[in-house]
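Note sheet for the following structure.
For ligands, and for the atoms within them, numbers begin at 1 and follow the listed sequence.
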Amino acid sequence: MGNPVSYPLTGQLDPDRWEFWIGGTWQAPLEGSGDAHAVVTDPATGRAIGRVPQATEADVDAAVAAARAAFPAWAASGVSTRQALLAAVATGIREREAEFAAVITAEMGAPRDNALEAQTRLAAEVFDSYLTVLADFQWQERIASSQVVREPVGVVAAITPWNYPLYLIAAKVAAALAAGCTVVLKPSCEAPLSAFLLATVFERACAETGAPAGVFNLITGAGSVAGAALAGHPGVDAVSFTGSTGAGRAVARTAAETVKRVGLELGGKSARVILTDEPDGSTVKDLDRAIATALADAFYNSGQTCTACTRVLLPEAVYERAVALAAEEAGRWPLGDPAGPGDHLGPIATAAQYDSVLAHIAQGTAEGARLVTGGEAPADRRPEGLASGHWVLPTVFADVTPDMTIAQEEIFGPVVCLLPYRDEEEAARIANDSIYGLAGAVWCADPLRAEHFARRIRAGLITVNDGTFNVLAPTGGYKQSGIGRELGAHGLAEYLETKTIQW
Ligand code: NAD
């Protein structure tokens with residue numbers, strides 16, 4: 001067996017653990033996987049902080065078999081049993097929230113407050129939200145002489161990325177378990193440590209509530225090996241994937257061989273449209289606040305949020321003033337040690353992503369966009385003692401045209417593009433000129449006009465003004481941003497089959 005996984009930040013985890021969580025026990029990788037491992041790197045320092053084993057197909061088989069074995073009992077469980085498990089997991093996350101947040105900060109660079117609130121507490125909230133969903137869910141309906149019943153789809157493979165590692169796991173696992181499905185989770189190789197902590201929470205929650213061993217299984221491994229093996233596995237009934245559009249296409253192709261249910265939560269290039277106030281068409285409600293809100297959204301989590309509105313569409317009448325405001329506002333987002341409190345920017349989560357963000361910034365300039373502020377952080381702007389991390393300054397591009405690469409491709413870094421528009425027709429056309437359709441935002445003093453415009457954007461989640469995220473409402477993508485919905489009752493329904501019994 002290879003070297004142990006090390007979890008320097010997680011006193012409660014056994015540092016000698018080199019195992020997967022399968023069937024309610026910690027199991028060493030099966031023969032053949034040798035000491036293959038993925039190194040987890042702290043993006044603030046570039047230093048290795050942990051290692052996790054890489055599953056082979058044999059390990060995937062074992063995890064799927066455990067989930068299958070647990071399925072009949074869990075599918076037959078009642079609502080209160082499922083609620084008890086979900087509540088115990090939510091409690092378990094909350095009890096160890098500081099530890100979760102520290103691990104998330106270390107594995108992907110989210111600043112401490114972000115890791116605590118938007119990642120850890122939000123994940124607990126998602127588990128809790130399914131108690132409410134289960135309390136109200138209609139499992140059957142009568143349609144004339146037929147009884148239509150909803151049943152769990154079976155074993156679910158959950159494949160997740162690194163940008164909100166715990167929350168994105170929660171969105172899948174909580175819904176699938178609430179539906180009566182059992183789960184095999186494969187988190188990203190880049191930020192898998194929080195998933196191991198979650199497995200320890202499940203270990204206790206299952207013991208406390210008597211949930212069958214194997215309702216939740218965790219393996220780690222490469223997308224092309226473990227992820228692909230799960231997507232193609234005949235023992236997996238549904239695969240729920242969050243990640244890049246390219247990998248999502250591969251998952252859908254692989255899953256097609258066994259005609260399994262596929263849910264895809266993919267990339268985005270969302271537009272925020274700042275509308276003028278009627279009737280003169282030359283003023284905008286609280287332009288300063290509109291810009292501050294736009295940048296806060298685009299820079300949060302260092303821009304590594306799939307729903308971030310990274311194209312900001314502005315009426316020509318206020319465009320130059322908005323550009324100046326954006327330059328000023330970007331200066332209020334210092335880079336900072338992610339271990340510290342506050343709203344500063346952390347590093348880019350991975351070396352590959354860092355290179356990709358910098359390449360996009362270079363391409364934006366090469367294609368003629370105006371770099372107002374930002375770019376790679378020079379030595380004197382990097383947080384003290386963290387010079388070797390992946391640091392990008394909050395970046396604002398003006399004079400971006402819709403055909404430019406930076407207006408079309410997801411950058412996934414703290415880069416915002418400001419585009420002028422002449423009238424609402426053009427604003428709607430630019431907003432929808434994208435292969436993606438994940439999210440959007442509208443800023444307007446008149447709520448009726450705002451809603452009217454929100455309905456014109458072809459995307460799954462539109463925020464109006466200061467609208468806030470609601471874990472009971474569905475999220476998901478139009479177009480190449482995905483298939484299906486997560487969260488709330490809509491999210492639960494993704495894991496159900498529908499059966500008609502007729503007399
Ligand atoms: P990624 O696609 O590289 O990896 C995501 C997961 O898929 C990882 O676990 C990876 O190992 C696995 N994977 C990769 N190739 C695979 C394959 N061929 N078969 C099976 N599994 C495979 O994505 P990432 O770089 O980790 O995450 C960033 C991307 O995720 C961005 O594009 C972002 O927009 C997207 N994202 C979308 C949402 C959403 O809800 N729509 C949320 C967060 C992130």
Q) Is a salt bridge present between Arg272 and Asp297, judged by a nitrogen-to-oxygen distance below 4.0 Å? A) yes

Q.
Using a plain distance cutoff, I'd like to know if Gly243 has any nitrogen or oxygen under 3.5 Å from a nitrogen or oxygen of ligand 1.
A. yes

Q. Taking N or O atoms only and a 3.5 Å limit, does Glu265 qualify as a polar contact for ligand 1?
A. yes

Q: Could you pull out, from Ala255, Gly223, Ser224, Ala439, the option with a heavy atom nearest to atom 19 (N) of ligand 1?
A: Gly223

Q. What orientation do Trp26 and Phe196 show, parallel under 30°, tilted 30 to 60°, or perpendicular over 60°?
A. parallel

Q: May I ask you to decide whether Glu497 forms a salt bridge with Arg150, counting only side-chain N to carboxylate O separations under 4.0 Å?
A: no

Q | Nitrogen or oxygen atoms of Lys186 and ligand 1 under 3.5 Å apart | A | yes

(Q) Under a 4.0 angstrom heavy-atom cut-off, which atoms of ligand 1 come close to Ala250? (A) 18 (N)

Q.
Show the atoms of ligand 1 that are less than 4.0 angstrom away from any heavy atom in Val251.
A. 19 (N), 20 (C), 21 (N)

Q. Looking at side-chain heavy atoms only, is the closest gap between Val153 and Leu496 below 4.5 Å?
A. no

Q. Can you check whether Thr160 has an N/O within less than 3.5 Å of an N/O in ligand 1?
A. yes

(Q) Distance under 4.0 Å to a non-hydrogen atom of Ala247: what atoms of ligand 1 satisfy this? (A) 2 (O), 14 (C), 15 (N)

Q: Report yes or no: do Thr200 and Arg96 form a side-chain donor-acceptor pair below 3.5 Å?
A: yes

Q) Purely on distance, is any nitrogen or oxygen of Glu410 under 3.5 Å from one on ligand 1? A) yes

Q.
Within the 3.5 Å criterion, strictly below it, is a donor on Asn163 or Asn301 matched to an acceptor on the partner's side chain?
A. no

Q) Under 4.0 Å from ligand 1, counting heavy atoms only, is it the side chain of Leu230, its backbone, both or neither? A) neither

Q) So how far is it from Phe397 CZ to Thr365 OG1, rounded to the nearest 0.5 Å? A) 4.0 Å

Q. Out of curiosity, is Pro187 lining ligand 1, as in a heavy atom under 4.0 Å away?
A. yes

**Q.** Glu409 and His360 side chains, donor-acceptor separation under 3.5 Å
**A.** yes

Q: Any atoms of ligand 1 less than 4.0 Å from a non-hydrogen atom of Leu266? List them with their elements.
A: 34 (O), 36 (N), 37 (C), 38 (C), 39 (C), 41 (N)

Q | Close N or O approach (Ser244, ligand 1; < 3.5 Å) | A | yes

Q. What is the distance from atom OG of Ser481 to atom CG of Leu461, rounded to the nearest 0.5 Å?
A. 11.0 Å

Q: Check whether the side chains of Lys186 and Thr160 place a donor and an acceptor atom closer than 3.5 Å, and report yes or no.
A: no

Q. Which of the numbered atoms in ligand 1 are below 4.0 angstrom from a heavy atom of Gly227?
A. 19 (N), 20 (C), 21 (N)

Q) Do Asn163 and ligand 1 have an N or O pair less than 3.5 Å apart? A) no

(Q) Please state which option from Tyr436, Phe241, Tyr167, Trp162 has its nearest heavy atom closest to atom 7 (O) of ligand 1. (A) Phe241

(Q) Regarding Tyr354 and Glu376, do their side chains bring together a donor and an acceptor under 3.5 Å, going by distance alone? (A) yes

Q. Which of the atoms in ligand 1, numbered in the order shown and given with their element, are less than 4.0 Å from a heavy-atom of Leu438?
A. 41 (N)

(Q) Less than 4.0 Å is my threshold; does some heavy atom of Tyr164 fall inside it relative to ligand 1? (A) no

Q. For ligand 1, which atoms, with element, lie under 4.0 Å from some heavy atom of Cys306?
A. 34 (O), 36 (N), 37 (C), 38 (C), 39 (C), 40 (O), 41 (N), 42 (C), 43 (C), 44 (C)

Q. Are any of the heavy atoms in Ser188 under 4.0 Å away from ligand 1?
A. yes

Q. Between Tyr167 and Thr120, do the side chains contain an N or O donor and an N or O acceptor separated by less than 3.5 Å?
A. no

Q) With a 4.0 Å cut-off on heavy atoms, does Ala228 reach ligand 1? A) yes

Q.
Using a 4.0 Å cut-off to any heavy atom of Leu168, which atoms of ligand 1 qualify?
A. 42 (C), 43 (C)

**Q.** Donor-acceptor contact below 3.5 Å, side chain His233 vs main chain Ala229
**A.** no

